2 protein chains.
Amino acid sequence: MVNFSILFPPKLIDLMDDTVPGIGTYEDFNTIDWVREKSKDRDRHREITNKSKHSTVALLFSISDAFSGWLLMLLIGLMSGALAGGIDIAAHWMTDLKEGVCLNGFWFNHEHCCWASNETTFQERDKCPQWKSWAELMDGVSEVGSEYYTCNHFIIMFWALLFAFLAVILVRAFAPYACGSGIPEIKTILSGFIIRGYLGKWTLIIKTITLVLAVSSGLSLGKEGPLVHVACCCANILCHFFTKYRRNEAKRREVLSAASAVGVSVAFGAPIGGVLFSLEEVSYYFPLKTLWRSFFAALVAAFTLRYINPFGNSRLVLFYVEFHTPWHLLELIPFVLLGIFGGLWGAFFIHANIAWCRLRKNTRLGHYPVIEVLVVTLLTALLAFPNEYTRMSSSELISELFNDCGLLDSSKLCDYTGNSGSTSGSVNATAANGLGARLAGPKLYTAMWQLALALAFKMFITVATFGMKVPSGLFIPSMAVGAIAGRLLGVGMEQLAVHNHERDIFRGWCSPGADCITPGLYAMVGAAACLGGVTRMTVSLVVIMFELTGGLEYIVPLMAAAMTSKWVADALSRESIYEAHIRLNGYPFLEAKEEFRHKTLATDVMRPRRSDPPLSVLTQSGMTVEEVERLISDTTYSGFPVVISQLSQRLVGFVLRRDLFISLENARRHQDGVVSVSAVLFTECESPASPGAPPAVKLRSILDLSPFTVTVHTSMEIVVDIFRKLGLRQCLVIQNGRLLGIITKKDILKHMAQMANRDPESILFN
Amino acid sequence: MVNFSILFPPKLIDLMDDTVPGIGTYEDFNTIDWVREKSKDRDRHREITNKSKHSTVALLFSISDAFSGWLLMLLIGLMSGALAGGIDIAAHWMTDLKEGVCLNGFWFNHEHCCWASNETTFQERDKCPQWKSWAELMDGVSEVGSEYYTCNHFIIMFWALLFAFLAVILVRAFAPYACGSGIPEIKTILSGFIIRGYLGKWTLIIKTITLVLAVSSGLSLGKEGPLVHVACCCANILCHFFTKYRRNEAKRREVLSAASAVGVSVAFGAPIGGVLFSLEEVSYYFPLKTLWRSFFAALVAAFTLRYINPFGNSRLVLFYVEFHTPWHLLELIPFVLLGIFGGLWGAFFIHANIAWCRLRKNTRLGHYPVIEVLVVTLLTALLAFPNEYTRMSSSELISELFNDCGLLDSSKLCDYTGNSGSTSGSVNATAANGLGARLAGPKLYTAMWQLALALAFKMFITVATFGMKVPSGLFIPSMAVGAIAGRLLGVGMEQLAVHNHERDIFRGWCSPGADCITPGLYAMVGAAACLGGVTRMTVSLVVIMFELTGGLEYIVPLMAAAMTSKWVADALSRESIYEAHIRLNGYPFLEAKEEFRHKTLATDVMRPRRSDPPLSVLTQSGMTVEEVERLISDTTYSGFPVVISQLSQRLVGFVLRRDLFISLENARRHQDGVVSVSAVLFTECESPASPGAPPAVKLRSILDLSPFTVTVHTSMEIVVDIFRKLGLRQCLVIQNGRLLGIITKKDILKHMAQMANRDPESILFN
């Protein structure tokens with residue numbers, strides 16, 4: 001048999017499943033038992049290792065099993081990288097499609113269309129005769145008049161509404177889980193929760209399509225968060241091809257952790273940042289092996305994306321930057337100010353967004369998701385169009401704001417009154433040359449006003465957008481808000497320096513003849529601060545930004561801003577947007593970051609409470625099938641402790657409701673002679689059955705003989721720690737050897753909610 | 001009282017110490033109880049928070065307490081950065097001092113001496129009249145003859161021996177813990193072990209001085225590993241100024257984890273790599289808060305070092321590199337070969353070094369550490385001098401090997417026969433120009449031979465050097481070995497490409513007119529592979545190397561090599577050099593990386609064994625002081641379980657030997673009327689003492705009422721997991737509510753050693 005095992009590899013793996021089917025699986029919306037899953041995997045591994053000593057084929061199988069993890073990572077990296085590239089290209093094309101079409105071929109986007117054209121000059125790369133706006137294609141609309149402008153506006157609104165409508169309809173019809181950013185749910189899933197279909201193939205397909213639609217519709221949302229969801233879907237689907245990962249919920253979660261690193265890696269072109277994001281922000285159980293594999297997958301994905309080259313510049317993101325001017329120590333003050341702004345924005349955004357989502361959930365507003373999306377899209381399109389900086393896509397905006405003004409830059413943001421000399425009576429010509437060149441021109445002032453308006457607009461529309469029934473990430477909108485604020489402050493600082501360059505404070509710093517302040521760096525620091533305020537990322541945020549700039553030089557400003565932002569935001573409310581959404585949805589998520597600091601004991605949390613009826617237990621012998629079945633139907637507990645006798649309450653083990661139910665049903669169906677009065681035995685040895693009695697149902701195999709126990713005196717902080725670190729579902733409470741109660745994960749979460757003066761009933765799932 | 005508390009802050013913190021002094025502390029060479037330490041810290045924190053609600057001063061104190069962690073990190077960063085800079089400068093100066101002296105001032109090193117000189121030309125930057133070698137200063141020695149050469153050699157040997165002698169004498173006389181790299185011990189300390197004085201001020205002072213001496217003596221060792229020890233010493237000393245960290249072993253270990261990140265950060269100028277090193281390689285308990293703080297400290301240290309600018313080039317390390325040529329996919333084959341070499345070298349090095357250390361430990365060799373050091377120094381100096389590449393310091397060698405040959409490079413490694421055209425009949429002139437320029441010249445061939453000899457020499461001398469009684473790191477020697485091998489292969493590949501550039505395989509790759517192979521990159525990949533083989537680092541290694549090159553481009557080669565190296569080395573032996581040394585020293589270290597895979601149960605490991613006398617337990621009442629004291633003196637256990645009665649064996653709690661001993665002694669001394677027949681009570685309620693009986697000693701306060709328990713059926717893999725994740729010292733084993741045995745960390749380690757067919761008695765400490 002073994003010799004054929006390579007042809008029938010599942011045979012080798014079916015070792016654990018010689019019991020009744022269904023035993024050891026989980027129901028939807030339930031928490032897994034990490035300890036059991038990890039044990040299962042170790043058993044499986046041990047079995048394979050043992051077999052591999054006996055035959056060459058089994059040895060080969062064992063080697064292929066060991067490398068299957070790497071193969072899986074490779075596939076995830078390739079698939080996610082390819083998908084991310086496809087999404088980038090499609091979103092780019094469709095965003096341009098709103099404005100016009102390429103006569104050379106409708107599949108070209110604006111930029112490619114004009115690249116292919118020979119009639120493009122360097123100054124006006126974006127203008128070429130092959131690219132026609134829809135308004136131009138229509139008869140009777142002159143190209144300069146306000147009529148053209150209005151017509152253009154209408155056409156863009158039409159496309160935006162169409163895209164948004166398609167997105168929301170597709171989500172509603174095929175994959176309701178495809179909406180939102182997905183990160184809160186992925187965090188919950190990684191912590192051991194089961195949401196069937198959340199990472200399925202339909203979610204993947206629909207999310208990919210609707211993400212492109214949503215981004216192209218011009219809504220204030222980003223594709224970066226949803227890319228994490230897309231990568232996790234890829235990972236989950238690919239897991240199906242590897243028995244090792246398909247059958248084991250804990251192993252699969254290791255893969256999903258790596259996949260979330262992949263998502264960020266392709267979103268920002270930052271493999272190391274992605275791994276740290278996974279480690280810091282989303283993962284629950286992150287062994288070192290996963291660290292290494294995540295890194296591998298993140299790199300593969302980044303290089304796949306680079307190979308696809310969606311931006312045509314061999315960069316992985318639109319807003320890669322290089323700065324050349326060093327920063328001055330005094331600039332830390334504005335950087336910290338940006339940090340404070342980021343923290344305030346984060347706290348405001350979370351508060352407002354959660355309030356809005358709660359409103360949507362509790363009122364009739366939630367019944368009309370399609371209309372909501374259409375109204376927000378319409379509003380966005382109406383208000384965004386008149387302002388150049390809101391009309392462009394958020395990532396283009398960020399790219400422009402991060403940009404350091406070069407000599408040839410034609411952007412309004414780089415409109416400085418050339419070399420005409422400084423207006424303030426400067427002492428020497430060199431100084432005038434250097435600093436006068438940075439004096440703001442009229443266009444720059446206009447741009448500042450437009451940016452200020454864009455800031456206000458973005459801040460409010462983002463609150464309404466995140467949480468709608470379309471795929472929506474908030475990395476990019478948050479970064480856009482921060483980048484605008486940063487650029488405004490940066491230009492302000494620059495003008496301050498230009499106008500006061502003889503003052504002592506600026507003299508040592510702005511050496512004559514050199515740019516001394518980089519407004520682009522301020523934009524970047526602002527973006528980091530705002531993103532940090534919303535997500536409360538720290539190291540990963542700084543590393544992502546570091547990978548965007550590529551210089552250690554600028555880590556300190558980023559760090560100062562990220563730190564301030566986190567402190568300010570944490571002082572206002574402890575939760576990140578993801579945690580807030582997890583709580584809003586009532587998922588059973590045990591936050592690993594925050595320590596439980598209350599001085600309660602296990603006895604205060606365990607059930608039954610003092611006033612409740614005693615704990616429902618099974619005895620290891622002496623119960624009949626009927627009694628057990630009645631207990632199952634009378635209660636809703638997920639499992640029952642097994643004791644020696646009701647009197648002694650000495651603990652033997654723990655049995656899960658689902659396992660018990662399946663086993664009894666199976667025994668009734670397949671075991672001869674089992675009737676209602678048959679005894680149910682959890683004991684090891686055969687008890688001498690009285691002659692004539694029906695055969696007993698022996699259930700020791702489904703009994704967990706090593707349930708976790710704590711004493712009644714154990715402080716809850718230790719219990720919480722055990723639950724977090726070991727990933728338990730439940731824990732039994734004993735005193736002096738007597739079983740007294742039980743604590744489940746849900747009990748702990750309810751207790752924590754109560755301690756934080758929140759409604760304990762907000763925890764919905766087990 | 002509270003109003004003065006800012007003047008007497010310890011008052012506020014002494015909350016926990018209202019019991020007998022000494023309770024809750026640990027003896028030397030013992031393992032800490034993480035759960036208890038963390039509880040203590042949470043209690044402390046809770047107390048401060050509660051107090052802060054009642055008075056402003058206490059609120060201020062609570063805020064300063066919260067920020068003290070950051071302040072500590074700042075100080076560690078500053079101090080370590082400054083020390084690292086000082087060590088760099090001093091080692092540089094003393095290395096040059098071996099050769100000669102600067103006439104302008106003896107405190108200048110060779111380079112600075114010639115910088116100050118005006119008579120230096122660009123070509124011969126190293127030659128200037130102000131710098132005199134010792135031989136030149138001596139009369140009657142002509143500058144060109146072999147006599148001069150011999151004389152020089154003798155003087156260098158003299159200095160080397162002097163430095164080495166001073167180093168070993170200082171270490172032996174003042175701080176025996178200052179020898180070696182320190183990383184194995186730091187790993188053990190971070191896992192919860194106590195080694196008093198290992199991170200003390202004497203160790204710091206002596207290690208700093210002797211590290212400079214050892215590096216300057218020309219021995220084949222690096223300063224990178226010991227820098228981690230130096231940073232940890234700084235951290236430990238600075239912890240003494242913060243009560244929060246001084247009093248709590250767990251909190252202090254968080255700081256030490258951050259400090260090891262700082263050490264790597266200054267060693268390689270790689271803050272992110274340092275944090276990942278700490279996370280991956282040395283740390284045991286690494287909460288996210290520590291991640292963020294480590295990063296902060298690592299950055300501060302890196303910037304302090306940059307401010308000091310020890311290398312005069314505003315880089316943090318001597319071997320920062322920038323490559324310009326992209327690599328070709330086919331080059332992955334030589335990179336993987338380098339990985340295999342690195343893995344083999346790693347396995348060989350570990351095996352040979354451990355065998356050598358064991359020899360030193362078990363034979364009379366170990367009694368003469370001074371002579372050993374002198375002999376090895378003499379051998380090194382004798383053999384290294386004739387070869388240019390072993391004469392220079394290892395980090396200079398690495399720097400030269402990593403270097404990409406530029407146009408003005410005068411190094412022998414860059415001796416290519418100029419533009420004289422390719423020898424093989426090339427098709428067109430362009431190709432000849434580009435590739436012919438890379439044809440090896442005669443000097444390059446000489447260099448290759450010298451490098452090959454240097455490789456053999458380094459490989460053997462490093463084995464003998466690491467483990468001697470001087471500070472010695474093995475990062476640099478390992479990297480040197482790899483860099484030499486890599487450069488050899490790189491030049492080989494280059495010449496292969498040059499000679500076969502018309503072949504199909506090279507045609508697509510080596511485009512005419514461009515360098516197509518960068519031997520410096522091969523050197524870097526080789527260095528990574530060898531370092532990976534020895535230390536088994538993965539992500540951190542790649543990130544450190546990435547930070548040295550600064551381009552994502554070269555991550556893939558590094559990763560391929562690091563991965564191959566780890567696989568090859570792991571296939572030969574599972575342990576890294578640090579783990580091997582930990583095992584050699586018998587430290588109780590529970591490796592977090594490797595999973596325990598044997599199918600044993602708690603009952604197989606617990607004590608007492610079947611043949612042993614029953615477990616020594618205390619009863620909660622009914623024992624006298626004398627009986628307890630006899631139990632303490634008769635046994636050597638670190639703690640005793642407390643049960644209700646000997647008959648029922650129902651568990652009440654656990655009491656530590658040390659606490660029990662101190663409490664009883666204290667009671668005898670300070671409590672009136674306590675005599676040998678006084679009862680010892682662990683119960684809560686007063687038992688009605690018979691009239692006339694001496695007063696009872698009540699010890700419930702030192703009783704741990706929530707000891708960890710597992711059942712006899714718990715599989716050892718779960719037990720090991722619990723010990724690792726929660727940081728336990730011991731765990732009680734129960735069956736059906738009856739106490740049956742106990743498992744300590746030492747039992748687990750002994751069991752693991754037994755399972756791996758090693759001597760279980762090699763585990764020396766508790």
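No experiment lies behind these values; they were computed from the predicted model shown. Protein chains get the first letters and strands the later ones, always in sequence-line order, with residue 1 at the start of each.
- A search for side-chain hydrogen bond (donor to acceptor under 3.5 Å, both in side chains) contacts involving B:Arg46 returns A:Glu717, B:Asp43, not counting sequence neighbours.
- A side-chain contact (heavy atoms from CB on, under 4.5 Å) with A:Ile272 is found for exactly one of B:Val542, B:Val543, B:Val539, namely B:Val543.
- The part of B:Leu299 that comes within reach of chain A is its side chain, from C-beta onward, which places non-hydrogen atoms under 4.5 angstrom from that chain.
- Considering CG of A:Leu732 and OG1 of B:Thr709, their distance stands at 10.0 Å, rounded to 0.5 Å.
- For the atom pair CG of B:Leu276 and CG of A:Leu276, the computed distance is 5.5 Å after rounding to the nearest 0.5 Å.
- The part of B:Phe67 that comes within reach of chain A is its side chain, from C-beta onward, which places non-hydrogen atoms under 4.5 angstrom from that chain.
- Between the CZ atom of A:Phe295 and the OG1 atom of B:Thr538 there is a distance of 9.0 Å, given to the nearest 0.5 Å.
- Among residue pairs with one or both ends in residues 276-294 of chain B, those qualifying as salt bridge (charged side-chain N to carboxylate O under 4.0 Å, His left out) are B:Glu281-B:Lys593; sequence neighbours excluded.
- Contact of B:Leu279 with chain A is made through backbone and side chain together, with heavy-atom distances under 4.5 Å.
- The part of B:Lys38 that comes within reach of chain A is its side chain, from C-beta onward, which places non-hydrogen atoms under 4.5 angstrom from that chain.
- Contact count versus chain A (heavy atoms, under 4.5 Å) is highest, among B:Ile722, B:Val710, B:Val712, B:Val300, for B:Ile722.
- Expressed to the nearest 0.5 Å, how far CD1 of B:Ile718 lies from CG of A:Leu726 amounts to 9.5 Å.
- Within the 4.5 angstrom heavy-atom criterion, atoms from both the backbone and the side chain of A:Leu705 approach chain B.
- For B:Asp721, the side-chain hydrogen bond (donor to acceptor under 3.5 Å, both in side chains) test picks out B:Lys725, with sequence neighbours left out.
- Remark: the backbone N or O of B:Ser706 is not paired with any side-chain donor or acceptor of A:Thr714 at under 3.5 angstrom.
- For the atom pair CG of B:Leu651 and CD1 of A:Ile734, the computed distance is 7.5 Å after rounding to the nearest 0.5 Å.
- Going from atom CZ of B:Arg42 over to atom NE2 of A:His598 covers 12.0 Å, rounded to the nearest 0.5 Å.
- Residue with the most contacts toward chain B among A:Phe296, A:Trp567, A:Phe303: A:Trp567 (heavy-atom pairs, distance under 4.5 Å).
- Close approach to chain B, defined as a heavy atom under 4.5 Å from one of its heavy atoms, is seen in A:Val556, A:Met559, A:Ala562, A:Met563 of residues 556-564 of chain A, taken by number.
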